[in-house]
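One structure is given below, encoded as structure tokens.
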Amino acid sequence: MDIVPLGPGFGAELRGVTLSEVAGDDAAYAAVRAAFEQHSVLVFRGQEVSDDIQLAFSRRFGEPEFTKVGSLGTGTHFVRLTTIGPDGKVVPPDHRYALRNRANQLWHTDSSFKRVPALTSVLSARTVPGEGGETEFVSTRLAFERLAPAMQRRLENSFAWHDYAHSRGQIAADLASPEERAALPPVCWRMVWVNPVNGRKALYLASHAYAVEGMDEAAGKKLIDELMAAATAPGTSYVHQWKNGDVVMWDNRATMHRGRPWPADQARLMVRTTISASAADGLESMRPPGRQAAE
Ligand SMILES: [Fe+2]
């Protein structure tokens, strides 16, 4: 397996390894897992992808999430991100599918709004538009390292509230449905995630974050906005241009990402599997004090 660095200080393409090999071979998994811990974003090209192969690969990293209510694929292990309606045609720009894609274009980390956040997401390209539709990544590990030491210390002991309805509300007031709101109440996480393998610290932030514990609402929001802007400063991102057969996985503990727009009349279908974080991934120290025993 060859590791080819991709982005500004993070991200790598892995060559000479297939998803099926990782699913079936302990040594292949160990090599990919080590690259994942180090590089945060991994790109595999020219893969033969089916739902079964993607899920078998993903399961190596932990427990797969069940897709939440209100998403295409609910109750399965697959999220289908599409602009193709049930009639096989591309949906109009004001359709829920299209609005959800716009929400995806806000910087975020997947599943920070869930009771169990995500370790990694695995995304495969099934139908790629002729132009646009890239996925853009930043390293929140490098973003943390760019902060002044006093701010680093402060954030290590700060906690932010995350809410799915908040990020969706930035696109349309009712984009999060009553069922989604009921299923996904706000959750609170430490603002720095320490990787237990290498000790490196990363900002844990997302478009879902809306308040900081112990700060008044406006001041907390301002701090989140400033940190988001610093973490996504120009020149810090890796932009992945999708080709059929591409599979990209990322570390939700140490990155943020966003989808990029593409022409509204062009079809795009991506399939995501998402693996929940566990204690071995550093999850327990993310909980606010007092909740560690409770949950
Ligand atoms: Fe995402």
Side-chain angles (χ1 to χ4, degrees), residues 7 10-11 36 40-43 54 58 61-62 64-74 76-83 96-129 132-141 143 160 162-172 175-176 180 184 187 189 193 202-210 228 231-232 237-242 246-262 268-277:
F10 71 103
F36 169 79
S40 303
V41 176
L42 300 181
V43 172
Q54 183 170 338
S58 303
F61 293 81
E65 280 186 5
F66 282 101
T67 300
K68 65 168 194 60
V69 294
S71 291
L72 259 186
T74 181
T76 75
H77 292 306
F78 302 95
V79 178
R80 297 186 192 280
L81 298 159
T82 186
T83 49
R96 257 188 135 64
Y97 292 0
L99 292 175
R100 278 163 196 271
N101 281 315
R102 279 181 49 207
N104 234 345
Q105 290 166 18
L106 303 171
W107 284 109
H108 66 283
T109 183
D110 292 329
S111 300
S112 72
F113 53 82
K114 292 189 174 176
R115 285 175 55 88
V116 182
L119 168 66
T120 180
S121 302
V122 179
L123 189 62
S124 64
R126 306 294 178 93
T127 303
V128 176
E134 304 90 347
T135 305
E136 184 174 15
F137 296 91
V138 290
S139 168
T140 57
R141 196 183 266 176
H162 297 247
D163 186 3
Y164 178 78
H166 174 75
S167 57
R168 269 46 194 169
Q170 293 172 53
I171 302 300
L175 190 53
E180 286 171 318
L184 301 165
V187 291
W189 303 115
W193 196 315
L203 269 180
Y204 193 62
L205 274 179
S207 57
H208 317 299
Y210 68 97
M228 292 286 283
T232 60
S237 74
Y238 164 67
V239 179
H240 186 75
Q241 286 171 318
W242 291 94
D246 283 0
V247 178
V248 179
M249 74 182 300
W250 58 89
D251 188 340
N252 283 302
R253 302 169 299 176
T255 57
M256 286 195 290
H257 61 280
R258 64 176 177 177
R260 304 300 295 147
W262 67 95
R268 182 179 187 259
L269 170 60
M270 312 290 286
V271 177
R272 195 181 99 195
T273 40
T274 314
I275 298 300
S276 295

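Everything numeric here is computed off the predicted structure, so don't read it as measured data. In each ligand, atom 1 is the first atom listed, and ligand 1 is the first ligand listed. Residue numbers start at 1 and run along the sequence shown.
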Item to check | Pair His240-Thr135, side-chain donor/acceptor within less than 3.5 Å | outcome: no
key: Gln170 and Ser207: side chain donor to acceptor below 3.5 Å   = no
Answer key: the N, O or S atom of Asp110 nearest to the Fe ion (ligand 1) is OD1
Among the N/O/S atoms of His257, the Fe ion (ligand 1) lies closest to NE2
(message) Assess whether a salt bridge exists between Glu180 and Arg168, defined as any Lys/Arg side-chain N lying under 4.0 Å from an Asp/Glu carboxylate O.
(response) no
Restricting His108 to its N/O/S atoms, the closest one to the Fe ion (ligand 1) is NE2
(message) I'd like to know if the side chain of His162 pairs up with that of Ser112 as donor and acceptor (distance under 3.5 Å, no hydrogens or angles considered).
(response) yes
